Amino acid sequence: MNRLLLGTVSAFALTLFAGQALAGPEGCDAGEMVIKFSHVVAEKGHPKGEAAVKFAQRVNKEMDGKACMEVFPNSTLFDDDKVMEALLLGDVQIAAPSLSKFEAYTLKYRLFDLPFLFASLADVEAFGSSDTGKSMLKVMEDEGYTGLGYWLSGLKQFSAKKPLLLPADANGLKFRIQTSDVADAMIAGIGGSAQKLAFKEVYGALQTGVVDGQENSWCNIYTQKFFEVQDGITETNHQTLAYLLVTSTEWLEGLDPEIRDQFLSIAEDETAAANADVANKEAACRQNILDAGGTIRELDATQRQAWVDAMKPVWAKFEGDIGKDLIDAAVAVGAGN
Ligand code: LMR
């Protein structure tokens, strides 16, 4: 049997069967190595959710009898904080948290959070595929994690309970951010305050007024329905949302070499395929928001420059943690594209 398991599985069942194939019609064949992939976004209509499904389909077809991948979307298994611990415990084998969520393990990924570093997804992709980008996949090996690739998601847009056209409009508002000190400093730069919240809590926090606004990709804003509980979205494209496809170094090194090579080759192919399609998916999510009655505000050149001027000073604050060499390498990729 070679089935893709999607959906909620009880924590009890997972603990009981951790690391071993669930036999029976709903699961993997007995004897197959189970690879659990846990993430927090929607399974459909989202670049990561759909890429995870395709990745599992390839593993389940081509590694039939040897390995079987189960995908758990929507934080049904772990949120992004817990999943890192779960990787080391062997409760899950693959995760893809946003690069903003690795502060406990490395400060190098703060690079990806610098506002207005990358002007387009093509620039992010070019940097990820460069020698410097590839070397950054390994910066957490001392902590027990290996990056397999970068999965792009989108550039980020701001939304709030009132129109945002200039940074001054954000003055005094509270924004939900990921667990990122760069984002915290960036929000301070526009006169707001920041609250770090898990992804699954964002909709409720916006709806009840615990926070006034948020920043995310078009597909997260659409699939999580954030636009329904906000006045509108401002097309700022101010930051990158990208993921690290990550596994435990111990798990990866413990694989039979032939299985590891096949698995890594599928991971590489699926990373490239996902990234090639992400701009289209983001454009579709933006259009879906409009079609559903959401408001999108575009910035003119002067307004956009005001956002850049308010947020870009945070670069200097984090240059020491990230390294000027990495910042220069990322800027050079953008300049060359
Ligand atoms: C967030 O927490 O906003 C994102 O990291 C969620 C995701 O995985 O896209």
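Counting starts at 1 for both ligands and their atoms, following the listed order. Here the structure is a predicted model, which is why all the values come from computation and not from measurement. For this chain, numbers begin at 1 and follow the sequence in order.
- In the model, E43 has no side-chain atom that pairs as donor or acceptor with a side-chain atom of N74 under 3.5 Å.
- For the pair K225 and Y203, the NZ or CZ position fails the cation-pi test of under 6.0 Å to the six-membered ring centre and within 45 degrees of the ring normal.
- Close approach of ligand 1 to L241 is summarised as follows: ligand atoms under 4.0 Å from at least one heavy atom of the residue are 9 (O).
- In summary, the atoms of ligand 1 found under 4.0 Å from a heavy atom of N220, numbered by their order in the structure, are 6 (C), 7 (C), 9 (O).
- H39 does not count as a contact of ligand 1, since none of its heavy atoms falls under 4.0 Å from the ligand.
- In this model, a donor atom of one side chain and an acceptor atom of the other lie less than 3.5 Å apart for S98 and Q178.
- For the residue pair Y109/S100, the side-chain donor-acceptor check at 3.5 Å is not satisfied.
- Considering backbone and side-chain N/O of D80, none are found under 3.5 Å from N/O of ligand 1.
- Within the 4.0 Å heavy-atom criterion, the part of R176 lying near ligand 1 is the side chain and not the backbone.
- Scanning all protein heavy atoms for the shortest distance to atom 9 (O) of ligand 1 gives Y243 OH, 2.5 Å.
- Within ligand 1, counting atoms from 1 as listed, the ones closer than 4.0 Å to a heavy atom of S98 are 5 (O).
- Contact atoms of ligand 1 toward K48: 7 (C), 8 (O) (distance under 4.0 Å to a heavy atom of the residue).
- Contacts between K101 and ligand 1, counted as non-hydrogen atom pairs separated by less than 4.0 Å, involve the side chain only.
- Judged by distance alone, the side chains of Q224 and K200 never bring a donor and an acceptor atom under 3.5 Å apart.
- Using a 3.5 Å distance cut-off with no hydrogens or angles, the side chains of T146 and E141 do pair a donor with an acceptor.
- By the 3.5 Å distance cut-off applied to N or O atoms, N216 is counted among the residues near ligand 1.
- Between the D169 side chain and the L166 main chain, a donor and an acceptor come within less than 3.5 Å of each other.
- At a 3.5 angstrom cut-off on N or O pairs, H46 does not count as close to ligand 1.
- Close approach to V41 involves these atoms of ligand 1, each under 4.0 Å from a residue heavy atom: 7 (C), 8 (O), 9 (O).
- Put simply, the residue from Q157, R176, H238 that forms a side-chain hydrogen bond (donor to acceptor under 3.5 Å, both in side chains) with E215 is H238.
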